[in-house]
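Everything below concerns the one structure shown next.
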2 protein chains.
Amino acid sequence: MVVHVSREGQGLRERKKQETRIALSWAAIKLAVERGLENVRVEDIAATANVSPRTFNNYFSSKGEAIAARHLDRARLFAQELRRRPASEPLWEAIKNSVLTQLSLGQDYGDGQPDQQWQTGIRLMISEPSLQGEMLKANAIAEEELAAAIAERTGTDVTRDLYPRLVAGATGAAIRVAMDQWLRADPPVSIRPLIEEAIGRLAAGLPEP
Amino acid sequence: MVVHVSREGQGLRERKKQETRIALSWAAIKLAVERGLENVRVEDIAATANVSPRTFNNYFSSKGEAIAARHLDRARLFAQELRRRPASEPLWEAIKNSVLTQLSLGQDYGDGQPDQQWQTGIRLMISEPSLQGEMLKANAIAEEELAAAIAERTGTDVTRDLYPRLVAGATGAAIRVAMDQWLRADPPVSIRPLIEEAIGRLAAGLPEP
DNA sequence: GACCATTTCTGCGTGTCACGCAAAAATATG
DNA sequence: CATATTTTTGCGTGACACGCAGAAATGGTC
């Protein structure tokens, strides 16, 4: 039916690829949350995404990578968001706002509660040892992009100056610490104040309390 | 022959365990560096360490974990070293000195050049994707211990205050950034000034250059 | 020095997995 | 509609993680 529409992202081919990628990732998360990671075979994930088992490995080289993929996408958005902030904003202000914005965007993702599903996913990645590495790897990738964005913003050179990667690394650490605290809070708390505090302290130069 | 010597670590049993653990780890690194990771089977590693293949998995649950084990041990020393520093020393000073001290200790490890072998090992872990996750995992574990040490030193609470984990996370990031720069320096440079600069910037509150 | 409890090592079997390869299907281009 | 490119699929192979249970080694005791 379509003839030459194409350009709305990169053509139908690219779009379908992204769709299956996301479908596989969601399927992996869903099944892992339902049954527990060890009771999910690659075969099941592929079936849930209506794809052959072999195709799964064309997209991900392990179950863990598939599950972490959504987390990676989320983290990537953060760097993208930073590039969009006005240059007038002070760096740490921009960083903080980027994180918070990206958190809001994540709200209306799937079908279930806002970030209930997300929290469950994160918990899964933290509890299962085989997923921890994948999550850390995703964080590292996102941190690289973040460093590039920071370098661009501050007019520094990622390959020569330590500064952009230091800020990116510290920011990543701050986000991880805030999330960690958020996850272990027994009377559950909102994550935003935690993020604000963590990044605020960094911006203030980590003064001893 | 021995009767009741025992206490010099934790008894002969514990010592032999550590020995095989280290032997397995070294064997894994050595073989991986020589042949490339993909050409090393668990069987080979076990054979090199004079142990049955099944025993390998009693110590490590993957090739990658075995290789990262040395890195983990090294990183653990850092937190231990921090506990030893005099309480009079300012925190960042103590952190910097701990890293530098631990770097010096690492000098006289194996048989080859001082840290030539170490550098090779790190390169291996960074280049092989399947090892990156393991190294990050090791870093994360070391960071936890570091956070505990910092909390102890500053009289803060790891479970309630964000501070100790923020400092630990930022420090970990600084070390990673410094190492990264060290590895990619084409006319090779010494790592110490890089570490000093990275941690120095953190201590100064990450001022924009 | 012999004896028992505990811990560690080992061999075997099993289910899972990652990946190379080549044919088939889908999509793009002209 | 025809052809080129990319993606999906099926099949086969080698490697691996791990449970289980017996053998071996070690530590402490009489």
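In what follows, chains carry the letters A, B, and so on, assigned in the order in which the sequence lines appear, proteins first and then strands, with residues in each chain numbered from 1. Since the model is a prediction, treat every value here as computed from it, not as a measurement.
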Task: Lys17(A) NZ to dT9(D) P, straight-line distance once rounded to whole Å - done: 14 Å
- [ ] Using a strict 4.0 Å threshold on nitrogen-to-oxygen distance, state whether Glu19(A) and Lys16(A) make a salt bridge.
- [x] no
- [ ] Using whole Å, report how far CG of Leu24(B) lies from C1' of dT8(C).
- [x] 13 Å
Task: Arg41(B), nearest nucleotide to its side chain (from dT16(C), dA15(D), dG11(C)) - done: dA15(D)
TODO: Check every atom of dC17(C), dC16(D), dC18(D) against the side chain of Val42(A) and return the nucleotide holding the closest atom.
DONE: dC17(C)
- [ ] In whole angstrom, give the distance that lies between atom CG of Leu37(B) and atom C1' of dA18(C).
- [x] 14 Å
- [ ] Calculate the interatomic distance between Glu19(A) atom CD and dA26(C) atom P; express it in whole Å.
- [x] 16 Å
Task: Position toward the 5' end of DNA chain C (nearest nucleotide), Phe60(A) or Tyr59(B) - done: Tyr59(B)
Task: Atom pair distance, as rounded to whole Å: CG in Asp44(A) and P in dT16(C) - done: 9 Å
Task: Ionic contact status for Arg176(A) with Glu143(B), cut-off 4.0 Å - done: no
Task: Over 12 foreign heavy atoms within 6.0 Å of CZ, Arg184(B) - done: yes
Task: OP1 or OP2 of dA25(D) under 4.0 Å from side-chain N/O of Lys16(B) - done: no
Open item on the list: The test is side chain to side chain contact (heavy atoms under 4.5 Å, CB included); show your working for Ile22(B) and Arg70(B) and say whether it passes.
Closed with: CA-CA 8 Å; Ile22(B) 292 179; Arg70(B) 298 325 329 283; 4.2 Å; yes
TODO: Select one nucleotide: of dT10(C), dA18(C), dG10(D), the one nearest the side-chain heavy atoms of Ser52(A).
DONE: dG10(D)
TODO: When you get a sec, tell me which of dT10(C), dT8(D), dA18(C) is the closest nucleotide to the side chain of Thr20(A)?
DONE: dT8(D)
Task: DNA chain C: 5'-proximal contact among Lys63(A) and Thr55(B) (nearest heavy atom) - done: Thr55(B)
Task: Electrostatic pair Lys30(B)-Glu34(B), nearest N-O below 4.0 angstrom - done: yes
- [ ] Take atom CD of Glu43(B) and atom C1' of dT10(C), then tell me their distance rounded to the nearest Å.
- [x] 14 Å
Open item on the list: Whole angstroms only, please: what is the CZ-C1' distance between Phe56(A) and dG10(D)?
Closed with: 17 Å
TODO: Assess whether one donor atom and one acceptor atom, taken from the side chain of Arg54(A) and the base of dG12(D), lie less than 3.5 Å apart.
DONE: no
Open item on the list: Below the 4.0 Å mark, does dT7(D) have OP1 or OP2 next to a side-chain nitrogen or oxygen of Asn58(A)?
Closed with: no
Open item on the list: Please report the distance, rounded to the nearest Å, between CG in Asn57(A) and C1' in dA18(C).
Closed with: 6 Å
